[in-house]
Structure formats: C-alpha cells, structure tokens
There are 2 protein chains.
Amino acid sequence: MARVKCPICNKTENILKAGLIRNKQRYNCKNCNYHFITDKKKKNKIPFFEKSDKQITMLDIARAAGVSITTVSRALNNRSDINVNTGRKIKELAVTMNYQPNILAQSLVNRTTHTLGVIIPSLETTIFSTMLSGIQEVAATAGYRVIICTSNEKHEREVANIQALMNNMIDGLLICHSIHTSTFEHLRVHMNKRIPIVQFYRVAVGLNVPQILAEDEAGAEAVTDYLIKKGSQKIAMLLGPKELSLTQNRLKGYQNALRKNKIKFDKNLLAHVDFSDESVYTSLDNWLSRFPELDAIISISDKSAAQIITKLKNKKINVPKKIRVVGFGNEFVGEMLDPKLTTFDTQTRHIGEESSRLLIEQIISGKRDIITKVVPGKLIIRDSA
Amino acid sequence: MARVKCPICNKTENILKAGLIRNKQRYNCKNCNYHFITDKKKKNKIPFFEKSDKQITMLDIARAAGVSITTVSRALNNRSDINVNTGRKIKELAVTMNYQPNILAQSLVNRTTHTLGVIIPSLETTIFSTMLSGIQEVAATAGYRVIICTSNEKHEREVANIQALMNNMIDGLLICHSIHTSTFEHLRVHMNKRIPIVQFYRVAVGLNVPQILAEDEAGAEAVTDYLIKKGSQKIAMLLGPKELSLTQNRLKGYQNALRKNKIKFDKNLLAHVDFSDESVYTSLDNWLSRFPELDAIISISDKSAAQIITKLKNKKINVPKKIRVVGFGNEFVGEMLDPKLTTFDTQTRHIGEESSRLLIEQIISGKRDIITKVVPGKLIIRDSA
DNA sequence: ATCGAAAACGTAGACGTTTTCGTTTCCGAT
DNA sequence: ATCGGAAACGAAAACGTCTACGTTTTCGAT
C-alpha cells in the first residue's frame, strides 16, 4: 500500500490520519505540523471568476481611509458623531472603490431584510398576476423586494410555503389562500410572531389577521340587482368553495338583491366550483337541463364567463337575449368577447396595492392593528347583460 | 437646569456626558461606571411580541445536548464524522425545540442564497406572467426562491433592478429586456462576475449570455407559409422595436416564407409597435387605408390580434373571409374570440421553465457555457385564418 | 492655564452559521 | 499493555455588518 507523502517535507514517516472532511481523509504530518487532504480533483477546480470579483468591504475602505470600520459605518450611515470631512472622504472612497454593502450581513445584524413574501394560488390567472403586479409595484417604490411563492391551489404547498417564508428572510407576509385551504392552523401558528401578515382577496374568516378584500357582497348585490332590473328572474350563480369568504360574501350580496326584489331564493341555482374548466361546464349543463327558464348567469370570474358564453353560443343560445351573462373581475378578455362582457370590476390591481401598502405600513410602524379593508369596485355595463 | 440623575445611585454628582448615540445624549456615572441615555420614549416601546419569539439557534441546541456548536452543525448537515447516536439525539432535539436555521447566517458564510432574481417587463401581460409561472415552478422544485422585479418596459428601471439584484442576495439572474432597452452595457458590467445570467424571450443580440428563445423565426415562417397556402398574398405583420431579437427573427421567418413562395416583400406591410393599444390601432388604420387588397395580418401577440379582430368586426370587415388574422403566443383569450384565433403557440410556459432550468444548472455546475436554446412551438389552427 | 463638555474616533463583541485545524477518545491488532 | 489508526468531538476564525461601551482629542469658558 502506497503511503501518503507530506506535501511539505515529502516524507511518509510522520503522517497521521486526522479526521474526515466531507468524507475525505485528512492527514497530518507531525513533523511539519501540516494538515492536508490527498484530493486530486481539487486541482481541477479552476475558479471561473477573477480575483477582482471579490466584493469591496467596509474593511477595505477603512484601510484605505486609515480609520476604523466603525468610522466607515458611521460615515456611510450618516451618523452624527463623525467629522464632516472624514465622512465626506469615506463616502467618496466608497464610491470610487465601488463599494456595495453586503445586504446579508446587514440583514443579519439588523434583523430585517426589506423583503416581502407573497403566497398566491397561481400566476397564470389574470387576476392573481394583476394583484401581484400591484403588490410588487408598491413594494418596489417603498424599497422592498418581493419573493413569490405559488401554492397552485394546493393546501400542502401553501403550508410549506408559509413555513419556508416565515422561517426567515421576510419582513412581512402577504397571503391569498389556496382554494383547498379550509383550516388555518398553519397561519395561526405564525400570528403572534414579530412578522406581520396580511391576507388578501381570499381570506380566512375569523382569523385575527388584517384583510384586504374585494367588494364581493356589494358587487354581487349590484350585479344581481342590475340583472333583475333588466328583467331576469331565474338567476344562476357560480361560486367557489363554501369556506371562502369570497363565496360567502357574494352569496350574501346575491341574496340581499333577491330579497330586496322579492324573488324567491333557490339554492339549486348556486354552483360551487373549484375553478377548473370542467366544473364550470358541468354546472352549466346541469343548470340548462334543470332550469329551461334560466335567464341569467353570474359567473365567478371573467374567464368562466367567457367559457360560458362560448359554450352557450355553441348551443345556439343567445346571449344576452335568452340568457344574460355577467362576469366578475373585469379582466382584459371581457372586452374582446362577442358580446362584450358585462362585469363587476373588482379593481384587482388596487387590491394588490392596498395589501402591499398595509403590510409595509405595519412593518414600519410596528403596529399590528387588525384592519379589514374593502376595495370598492364598480359595475361595468357592456353587451352581455 | 435640572441635572441628570444616575439611574443606579440616583445621584447627579458623577455624571459625565459620554458621546452621542443616534443623536441622543449618552451619560456616564463615574461612580457606578454605568452608561445610560435619558430617553423617555424608550419606556413606551413595548415590544409587541413575546420573549418566546426569539428563534432557537444552534447554540441553544448545543447547550441542551451538552455538545459544541460544531457538533450540532455536523449533525444537522449529516456529516460523517459524528457518532450516530449523538447525531440522532441532536436532530431529535432540533425537532422538539423547533429549530429553524437562520438562512441569512447560512447565506453569509456559504456565499449562496438559493435565490434567483427575475427581471421582467410587466406582470399584467399574460405571456410574461405565464413565463414567470414556469420560472417559479422549476425554481421552487429545485429549492430556489424567486425575487421578481418589473421594469415596466422602462430602461432605467431595468438598469436599477439589475444593480439592486446583482448587488447581493441572488445566485443567478433571469432577464427579459424591456422594450426600450437597446444598449446593454448595464448587463455587460455584470457578465464576468460569479453570478450567472440567462436572457429569455427578449434577448440582446451579440451579448455573450445564454439565451432561451421562442421559435420566432420558424414560427413566423410557418404562419406566413400557412397564410400563403390558404391564398393570402398581401400579408401585413405587426412587429416590435427593431432592436429586439424577437422582431428580427420573426421578420426573417416572414421573409423566408415570402421568398419560398415567390412573393415580393414590401416593407410598408411591416409595422413596428411598442405594444401600446394605440400603436396597434394606428398601424391597422394605416394598413387599411393604404392597402385595400390587404388579406392577412400576422399580429405580434394574441392580445393585439384580439384587438385587431374586434376592430375589424366594428368596421364590418369579415375575419377570416376578407382578412385573415393570426396571433402569436397562444394565450387563453384566443379560444374565446369569435372567430377563434389561429395562432402560433410559442410555448410560453416552457420558455420560463427552460430558462429557470438552464440558470440553475449553471449555478450548480459552475459552468458558464454560452448556450442558445430555442423552445419549439407549433401552429394552432382555428377559425381566424 | 485649566477644566469640563462635546466631538470624534476605536475596541470588542454580536448576529448565527460553516469550516479549518486541532485534540481526545476509542478500539482492535499486536 | 501498547500502539496506531479511526472516530468523535471542540475551539476558534470567518462571513460583513452594526453597536454598546470606551477613550482620546478638541475647544470654549473660566
């Protein structure tokens, strides 16, 4: 067995094994008191970046300026107890040396990262990406970064994402629950922590967390009211899962309008969908077969409304003459449809903006007021109703 | 003048002023050798979170287990040189004590954050949010976080975002250039750094950075070819700014098809838009007035195609009989239109996924191969052409 | 000139990890 | 029993910043 040689003295006599490093045997030459690993691969590892890549640190500046790190820190943070000339000189040096503070180190000491976490069910749905856009915009102008996580409407992923985000790294959390989330223990666990949370759009009812909501109740009421005024009597409504605040509120608004107009409520005219294409089509088929006199449909989103209209056109059912169709959300697609979609504009972007604003406000102020804010929307009347 | 009292001995005799802290006067009692600040506000600052909020650290575990921090580290990282029992015990302790590693500290030492930066022109355009979705999905499964920045199609914001992201905190950068970006110095500056960059969808030509592209050339060629086969001769095309690779490639494909079919190229049939609604409408009006025999339009996106179709319908121009319209991107809206939109599916989501994959691969491998990958798309034939 | 306040600066942690370089303990073979 | 190698563990430095606590210097008032 070939003995190991010391790279210094080139002898094998005094070699001792000295522990493992990353599963590689480490040796020690007692003579030279030198530790080494016989790692052939190590030689190949040529760094692909220059030495010059090393970031300038405060220490470099301190040395260049002939002061201590503390003084550099004071200068760069515009503290008062520093000589103006020293301060200026250091700041100039920082610029010429192209100093960039290490955000990680700053975050580690300051215990704040200037980063918001956003958990959102999906990015491919217009309303969510629009809300995200609003969130990101407000955050960016306030100097906050945004980390996004998508739950893909899966409860487990929502839970995992919350864990991962709350774990560290974020100053605040914005969350829009997945459609399959009906228990909220995973959120409650984090509620009394330092990190503020804001729920938006889809919120957990009865949880002591600030909320930013769409005008679901008033919106649904306005829509229903409008349909009735136009002459509709049998109005079907597409809703989400029963646990969602969105579902409950829109239902309330719908019922309010019916009551006001003295129309009997029929729960068979409601359908709870999971936002999948099939569930929408199934509900539609179901209504059409059970209610020949159906004369209006309030959809849960503009996308579903578009699907419904397309399907009705296929079946040669006239929209709006035979059946009026109304959407919810005012997405881009509405204006491109034929007939153009009448819809309730929930001001999706504003919801994102407001959520972001509220969260940042709570981060900065340190207050944890349980605020519920409803972003007002408005009915957009076009051709489909 | 009321003299300052020492909070310890309650006397005023030995008080010395001792520097400033955050612009507040600090005092020192020479007798008690105690430093203090007369800060009335401090008392009100009741922390809104419990003491228990303090995160468990490795030190806590080490103490509980009666070992050193090093051993805890070894256990949690599954290193080999540790007794299996000790390791198990420590890992159990970590679980029961609900230990969560501090990612900031880890990142600081490891010089890696497991975070990707994404710069994207907008979030409210379907194709971008779809690409982002793909990016985020792949990143998440690979254990990477995603920070998003939107440039809102502004060059300055793109530059600022790159600076902010590259500065620190990210292991890799994904960038889709803003439409108003025609110089790329801001990117070149960062190219020889440690941090890998991948451009996607809209890329800078001639920059030594890996790229993931849509099948613009072949796609445009296929579309044009199809239109010609269907009988079109005067085919107009909506393009983006001339600097974009997207524009150049689609133009190439368009010309290829014309050449192949021996149709004369007329540059007046091209329009370069900035994606704004007006620019689309202006181009359309311009074509209609100058080319009465116009029989096909290749749009730059499905959205624009939708707008064009709607506009043409308003003008009572039949689509596809008089003018065929083809989109690009295969967004959701296409299927909802009347007539349903024929479009080239660029596989937007795949582009995002591939970009993310390539970037992560480069991060992990450490290689910086300048790869250009074109994601194949396919022509979706529906009713508008 | 002297003294004290104020200004200006420095030292030495701390933040929570990982890693390097050690040492100590254990154990089987002689 | 002893010795060498392996296994198991620890001390300390490092990552780059901030800050509590000191010290030194300056300077105006006496």
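Chain letters run A, B, ... following the sequence lines, proteins first, then strands; residues in each count from 1.
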Decide salt bridge (charged side-chain N to carboxylate O under 4.0 Å, His left out) for R188(A) and E185(A); before the verdict, give the C-alpha distance in whole Å, the side-chain angles of both, and the deciding distance to 0.1 Å. CA-CA 5 Å; R188(A) 185 168 278 125; E185(A) 279 317 305; 2.6 Å; yes
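Each of dT18(C), dT17(D), dT19(D) was ranked by its minimum atom distance to the side chain of M58(B); first place goes to dT18(C). Listed nucleotides dT19(D), dC9(D), dG10(C) differ in distance to N83(B); the shortest reach to its side chain belongs to dC9(D).
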Protein-nucleic acid N or O pairs under 3.5 Å, nucleotides 26-28 of chain D:
none

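The residue S73(B) sits close to a base: some heavy atom pair falls under 4.0 Å.
Contact between the side-chain N/O atoms of T70(B) and the OP1/OP2 oxygens of dG10(D) is not found at any separation under 4.0 Å. Between R79(B) and the phosphate of dT19(C), there is a side-chain N or O to OP1/OP2 separation shorter than 4.0 Å. For T57(A), no side-chain nitrogen or oxygen approaches OP1 or OP2 of dG16(D) to under 4.0 Å.
Straight-line distance from the CD1 atom of I90(B) to the C1' atom of dT18(C): 15 Å, rounded to whole Å. Spacing between atom CG of N85(A) and atom P of dA7(C) amounts to 16 Å, rounded to whole angstrom units. Atom CD1 in I69(B) sits roughly 21 Å away from atom P in dG22(C) (whole-Å rounding). For the pair D81(A) CG and dC21(D) C1', the computed distance is 12 Å after rounding to whole Å. In this structure, the CZ atom of R74(B) is 11 Å from the C1' atom of dA11(D), given to the nearest Å. Going from atom NZ of K89(B) over to atom C1' of dC9(D) covers 13 Å, rounded to whole Å. Note: CD1 (I82(A)) to C1' (dG10(C)) measures 12 Å, nearest angstrom. Look at CD1 on I61(B): it is 15 Å from P on dC9(D), rounded to the nearest Å.
The closest donor-acceptor contact from the side chain of H186(B) to the backbone of E158(B) lies at 3.5 Å or more, if one exists at all. In terms of modelled atom types and a separation under 3.5 Å, the side chain of N167(A) and the main chain of Q163(A) share no donor-acceptor contact. With hydrogens and angles disregarded, no donor-acceptor distance shorter than 3.5 Å links the side chain of N161(A) to the backbone of I119(A).
Salt-bridge annotation for R368(B) and E361(B): absent, with no side-chain N of the basic residue lying under 4.0 Å from a carboxylate O of the acidic one.
For Q362(A), there are no side-chain hydrogen bond (donor to acceptor under 3.5 Å, both in side chains) partners two or more places apart in sequence or in a different chain. For H190(B), there are no ring-ring contact (aromatic ring centres under 6.0 Å, His included) partners two or more places apart in sequence or in a different chain. For S73(B), the side chain to side chain contact (heavy atoms under 4.5 Å, CB included) partners two or more places apart in sequence, or in a different chain, are M58(B), N77(B). Not a single side-chain hydrogen bond (donor to acceptor under 3.5 Å, both in side chains) links R63(A) to another residue, sequence neighbours left out.
Contacts between residues 98-111 of chain B and DNA chain D, defined by a heavy-atom separation under 4.0 Å, are made by L108(B), V109(B), R111(B).
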